[in-house]
Number of protein chains: 2
Amino acid sequence: MTTIPFEQPFFTVDNVLFSIKNDTLHVLLVQRAAPPFDGNWSLPGGFIDINEDKNVQDAAMRKLQHKAGLTPSYLEQLEVFSGKDRDPRGYSVSLAFFALVPFAEVASNIVTVSQAKWWLMSDLANLTLAFDHKHIIARAHQRLMQKALYSMLPVFCLPETFTVGQLKNVIEAILGKEIQRKSLMRRIEASDMFIQTEHKIASGGRQAQLYQLKPGVDITHFNRNMGA
Amino acid sequence: MTTIPFEQPFFTVDNVLFSIKNDTLHVLLVQRAAPPFDGNWSLPGGFIDINEDKNVQDAAMRKLQHKAGLTPSYLEQLEVFSGKDRDPRGYSVSLAFFALVPFAEVASNIVTVSQAKWWLMSDLANLTLAFDHKHIIARAHQRLMQKALYSMLPVFCLPETFTVGQLKNVIEAILGKEIQRKSLMRRIEASDMFIQTEHKIASGGRQAQLYQLKPGVDITHFNRNMGA
DNA sequence: ATAATAGTGTCTATAAGACAGTATCGC
DNA sequence: GCGATACTGTCTTATAGACACTATTAT
């Protein structure tokens with residue numbers, strides 16, 4: 001093992017975990033218990049453990065499990081944020097992840113950390129976050145919106161079985177605007193990602209068909225954007 | 001300045017710089033002059049210098065200038081590659097960048113490094129590269145192909161002024177298949193990214209209109225894929 | 001005039017948007 | 001029955017593909 005030249009920046013991972021509660025987009029934050037920014041809300045993340053984590057996604061996963069007891073159903077790299085001034089401890093390089101999960105309350109019996117909480121996206125405007133985390137969330141939201149236009153990614157915010165109406169609500173919560181139910185149905189059909197099951201009642205009216213992901217399929221990417 | 005817990009992975013940047021020469025896609029490689037993998041061809045990259053580089057893109061830029069005397073006209077983050085086994089020196093985290101430049105021969109009067117060379121993409125199959133760099137190039141190529149379908153990104157492989165025919169050739173070299181000239185013209189028109197200049201002869205026939213990027217425009221993203 | 005490349009006209013094909021109309025449920 | 005939600009039919013719209021046609025240059 002050779003020695004590494006120069007002084008190295010320190011490397012962390014951060015997670016922007018989204019989910020949908022009451023048909024609105026939420027993001028998971030944790031309250032910092034140590035300096036810097038102690039007391040402030042921040043993205044769940046931290047240092048990689050090179051003895052535990054096989055790679056950076058492993059580290060991101062571990063942080064989410066450790067800090068909120070949640071295992072995302074989708075996780076991808078978002079972007080690296082770096083610089084001398086973003087962390088008072090020194091030059092830092094943080095890889096942000098972008099993740100989705102079916103809504104579940106944060107496991108409160110986790111001893112680990114002070115507090116984890118789902119925040120309404122629209123409530124973040126008036127909240128001061130640690131580091132450049134507000135900016136990171138904005139970037140993640142952009143990416144989520146973009147992907148919702150041309151892929152079936154939003155299904156990862158839903159439980160194993162779901163209805164077309166539920167998926168429509170999720171997509172609309174992400175995009176902040178209505179989409180055509182008909183267009184969504186055509187995509188569900190065309191993607192060939194789902195199988196149908198029994199039935200279910202949603203509220204007042206006719207029962208809705210339940211769908212679930214075919215085992216082992218990849219998320220389909222369409223070659224046109226929808227609702228744009 | 002607080003101390004950082006745990007042992008940290010070491011962090012590097014790598015560049016996948018593409019360009020077009022003779023209507024074929026090329027990638028820039030450098031020959032390693034030190035272990036590990038000394039003698040092998042590899043992506044131009046290296047350690048970040050926290051006193052020189054404002055952030056990670058700065059570091060990537062500096063590496064390209066230093067190792068080949070080239071300044072990319074487009075640079076974006078690709079993906080982080082990480083793990084215990086990808087570098088014999090230990091647990092490594094490498095942020096790969098994806099970059100484009102109008103073709104120019106490598107500055108040979110650069111004292112710095114052994115050798116930098118443009119390689120034909122199709123010649124890489126039979127070449128052994130250092131680390132997981134072949135895999136990184138494959139990922140970068142996927143991304144480039146994808147973006148060529150819905151954006152004007154390929155113009156960054158061309159000089160300041162260029163013809164529609166040249167842009168068509170670049171896109172075809174990237175995609176490995178023909179596209180409709182008419183479709184491209186429609187996009188040039190619709191994007192409103194370019195202005196026209198005088199004229200020029202390409203080879204045998206009629207003179208072609210020269211275009212150039214309007215100052216300060218962003219690259220347009222269309223909401224359909226082309227040629228797919 | 002011919003060959004070669006540049007550029008246009010226009011018809012077809014594909015998938016999304018709009019929205020009326022039908023189906024099935026609880027009450 | 002009524003209200004509500006689920007689903008279908010189908011017409012319109014937007015943009016890419018195909019490809020014949022015209023334009024302009026060098027020789």
Side-chain angles (χ1 to χ4, degrees), chain A residues 23 145-152 154 158 161-172 175-212 220-228, chain B residues 23 145-152 154 158 161-172 175-212 220-228:
Chain A
D23 293 342
M145 288 177 77
Q146 199 51 41
K147 292 214 166 189
L149 295 178
Y150 65 80
S151 81
M152 282 295 184
L158 288 170
T161 70
F162 59 90
T163 68
V164 175
Q166 289 170 341
L167 181 54
K168 178 167 181 283
N169 289 341
V170 169
I171 296 173
E172 290 176 343
L175 297 180
K177 61 178 258 189
E178 300 222 323
I179 60 163
Q180 292 281 331
R181 176 195 177 83
K182 179 73 186 196
S183 300
L184 180 55
M185 290 236 46
R186 281 190 282 230
R187 286 189 162 196
I188 289 174
E189 171 82 21
S191 71
D192 197 36
M193 289 175 63
F194 307 102
I195 48 178
Q196 307 188 346
T197 35
E198 330 83 68
H199 273 71
K200 177 207 156 183
I201 186 164
S203 41
R206 173 176 169 178
Q207 288 183 341
Q209 178 65 53
L210 278 172
Y211 291 82
Q212 75 180 53
T220 307
H221 287 211
F222 302 93
N223 47 26
R224 298 194 192 179
N225 286 349
M226 164 187 212
Chain B
D23 293 341
M145 287 176 77
Q146 199 50 42
K147 293 215 164 188
L149 295 178
Y150 65 80
S151 81
M152 281 296 184
L158 288 170
T161 70
F162 60 90
T163 68
V164 176
Q166 289 171 341
L167 181 53
K168 178 167 181 282
N169 289 341
V170 169
I171 296 173
E172 290 176 343
L175 297 180
K177 61 178 256 188
E178 301 222 322
I179 61 164
Q180 292 282 330
R181 174 195 179 81
K182 178 74 186 196
S183 300
L184 179 56
M185 290 236 46
R186 282 191 281 229
R187 287 192 160 194
I188 289 174
E189 170 83 21
S191 72
D192 196 36
M193 289 174 63
F194 308 102
I195 47 178
Q196 306 189 347
T197 35
E198 330 82 71
H199 273 71
K200 177 208 157 184
I201 184 163
S203 42
R206 171 177 170 178
Q207 289 183 342
Q209 178 63 55
L210 278 172
Y211 291 82
Q212 74 181 53
T220 307
H221 286 213
F222 302 93
N223 46 26
R224 297 195 193 177
N225 287 348
M226 165 187 211

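These values consider heavy atoms only, across backbone and side chains, with no hydrogens, waters or symmetry-generated copies. Every chain is numbered from 1 and lettered A, B, ... according to where its sequence line falls, protein lines coming before strand lines. Bear in mind the structure is a predicted one, so any value in this text is a computation, not a measurement.
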Subject >> Nearest-neighbour nucleotide for the A/Ala208 side chain, D/dT24, D/dA26, D/dA6 considered >> reply: D/dA6
Subject >> Pairing residues for A/Gln196 by the side chain to side chain contact (heavy atoms under 4.5 Å, CB included) criterion, not counting sequence neighbours >> reply: A/Gln209, A/Tyr211
Original post:
When you check the phosphate oxygens OP1 and OP2 of D/dA16, does a side-chain N or O of B/Arg187 lie under 4.0 Å from one of them?
Top reply: yes
Distance-only check: which donor-acceptor pairs under 3.5 Å involve side-chain atoms of residues 220-228 of chain B, not counting sequence neighbours?
from, atom 1, to, atom 2, distance (Å)
B/Asn223, ND2, A/Ala228, O, 3.0

Original post:
Rounded to whole angstroms, how far apart are CD1 on A/Ile188 and C1' on D/dT8?
Top reply: 14 Å
Subject >> From B/Thr161 atom OG1 to B/Gln166 atom CD, the distance as rounded to the nearest 0.5 Å >> reply: 7.5 Å
Subject >> Counterpart residues, side-chain hydrogen bond (donor to acceptor under 3.5 Å, both in side chains), relative to B/Glu172 (two or more places apart) >> reply: B/Lys168
Subject >> 5'-most by nearest nucleotide on DNA chain D - B/Ile201 or B/Met226 >> reply: B/Met226
**OP:** Kindly state which residues belonging to residues 176-183 of chain B come within less than 4.0 angstrom of DNA chain C, counting heavy atoms of the residue only, listed by number.
**Re:** B/Arg181, B/Lys182
**OP:** Mind calculating the distance between CD (B/Gln209) and P (D/dA23) to the nearest angstrom?
**Re:** 18 Å
**OP:** Measure distances between side-chain N and O atoms of B/Arg186 and base N and O atoms of D/dG17, and say whether any donor-acceptor pair falls under 3.5 Å.
**Re:** yes
Original post:
5'-most contact on DNA chain D: A/Gly165 or B/Asn225, nearest heavy atom basis?
Top reply: A/Gly165
Original post:
Between which nucleotides of DNA chain C, 5' to 3', does chain B make heavy-atom contacts below 4.0 Å?
Top reply: C/dA4 to C/dT10
Original post:
Atom OG1 in B/Thr163, atom CG in B/Asn169: separation rounded to 0.5 Å?
Top reply: 7.5 Å
**OP:** Kindly compute the distance separating CG (A/Leu158) from CG (A/Leu167), expressed to the nearest 0.5 Å.
**Re:** 6.0 Å
**OP:** Sequence neighbours left out, what passes side chain to side chain contact (heavy atoms under 4.5 Å, CB included) with B/Arg186? Give chain and number order.
**Re:** B/Lys182, B/Ser183
Subject >> CG on A/Leu175 to CD on A/Gln146, rounded to 0.5 Å >> reply: 9.5 Å
Subject >> Spacing of B/Arg206 atom CZ relative to D/dT24 atom C1', expressed in whole Å >> reply: 5 Å
Original post:
For B/Leu149 and D/dT15, what is the distance between atoms CG and P respectively, to the nearest whole Å?
Top reply: 17 Å
Original post:
For the pair made of CZ in B/Phe222 and C1' in D/dT15, what is the distance, rounded to whole Å?
Top reply: 11 Å
**OP:** Let me know the distance between CD of A/Gln166 and P of D/dT5, rounded to the nearest Å.
**Re:** 14 Å
